[in-house]
Amino acid sequence: MLTIAYIGFGVSAREYHIPYVENREDIKVKYVYRREEDIAQNAAYEAFYPEIIFTADLDQVLGDGEVDLIVVCSPDAFHVPYAKQILNAGKHALIEKPFAPTAQEAREVFALAKEKGLICMPNQNRRFDADVLAVKEVLESGKLGEMVKFESHYDYFRENGWYDYFGTLYNLAVHTIDQVISMFGMPDKTHFDVRSIHHPGRADDYYDLEFYYGNAKATVNTSMCVMIDYPRFTVHGTRGSLTLPPVVHNSGKKKVVGRHTINTAPAPRDRWGTLVYMDENGEKREEKVPVGCAHYERIYDNLAAAIEQGAGKCIKDEEVIRVLEVLEEATEVARSHGSLA
């Protein structure tokens, strides 16, 4: 039995963590810690979780010998300090994205975890999105032949951009970059075009990130000036092509006060992908590619196996560090685009 405590009780903890562990026989959620000044913000949700101990005393959590794993769902600035505090208390740690502000700070945290003999990993759960899993299945089938071009789009139309400060890369691209690295590995070289249309030199809400793999290229794209959606994913190979519908943005979903439940039903047919390829007989084929549901519980499957059985981490330290290096470099490119006024 793995006993867990959460730091933070915002959307991340309530929607992307607790629902994926609350009914498991091998995991128990014992605590949620939130600072006194943060209690009022989400107090309305607490009554829906009577089995959990809510506390504003972090020492109570760190000092509880029953707690094996502490999950950090706090604002980004607290991720590294909490990670170090957790590891120094002898607990395993799962840290929300972005794992750290810099690759160097990530190296320090991983070094501390190794020194203490503990597991520390980021919650890069979006590599287990339903559409990502569908793309991986097609790639593994070999029907596309050798990959030539992979395009990832996560776009919006917002007349004043996303933020008027830097942060889009660290909050959105952190997922899409990780998806590319999880599928294709470390790139041979990269090229980054990062700007803000509305706030030049002060924000990073337009980016076109290129990752080269031999003769193939993967791109991660986001813009706040897209009114007609691109496909979420487009993949071209030497034998065919695949497209998947644009993403359904969580920001547009109505939030209801209550205990969050997850939908495990497969996606409707209009959310499936389209695969066109040449088969082994030289015949052109077209297939619909089913899209299931997200499997964010796989993060916890892996953590349980790593903590209790010594299994390897599904999100490797070197992958985390490479993602952060990309985020740092891409942010500097955005900074270089000064005001056009």
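A salt bridge links E108 to K84: one of the charged nitrogens lies within less than 4.0 Å of a carboxylate oxygen. Here E22 pairs with R259 in a salt bridge; the nearest charged N to carboxylate O distance falls below 4.0 Å. Salt-bridge annotation for E325 and R107: present, with a side-chain N of the basic residue lying under 4.0 Å from a carboxylate O of the acidic one. With salt bridges taken as basic N to acidic carboxylate O contacts below 4.0 Å, one links R24 and D301. The residues R335 and E332 are annotated as salt-bridged, a charged nitrogen and a carboxylate oxygen being separated by less than 4.0 angstrom. For the pair D129 and R127, the salt-bridge criterion is not met [side-chain N within less than 4.0 Å of a carboxylate O]. A salt bridge does not link K28 with E51: every distance from a Lys NZ or Arg NE/NH1/NH2 to an Asp or Glu carboxylate oxygen is 4.0 Å or more.
A parallel orientation is assigned to the rings of Y230 and H153, their planes being inclined by less than 30° (bins at 30° and 60°).
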Review point. Can you check salt bridge (Lys or Arg N to Asp or Glu O under 4.0 Å) on D64 and K30, steps first, answer last?
Key: CA-CA 10 Å; D64 188 329; K30 186 170 184 179; 2.7 Å; yes
Practice item. May I have the step-by-step check of salt bridge (Lys or Arg N to Asp or Glu O under 4.0 Å) for E46 and R34, ending in yes or no? Key: CA-CA 11 Å; E46 293 187 11; R34 64 282 183 269; 2.9 Å; yes
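In this structure, the side chain to side chain contact (heavy atoms under 4.5 Å, CB included) partners of H236, at least two apart in sequence or on a different chain, are K149, T234, S241. In this view, Q41 satisfies the side chain to side chain donor-acceptor pair (under 3.5 Å) rule with no residue, not counting sequence neighbours.
Checked against the 6.0 Å centroid threshold, Y6 and Y33 do not count as a close aromatic pair.
The closest side-chain heavy-atom distance from F99 to N123 is not below 4.5 Å.
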Output side-chain donor-acceptor pairs under 3.5 Å for residues 170-177, partner residues at least two apart or in another chain, one line each.
| from | atom 1 | to | atom 2 | distance (Å) |
| --- | --- | --- | --- | --- |
| Y170 | OH | P101 | O | 2.7 |
| N171 | ND2 | G167 | O | 2.9 |
| T176 | OG1 | A173 | O | 3.3 |

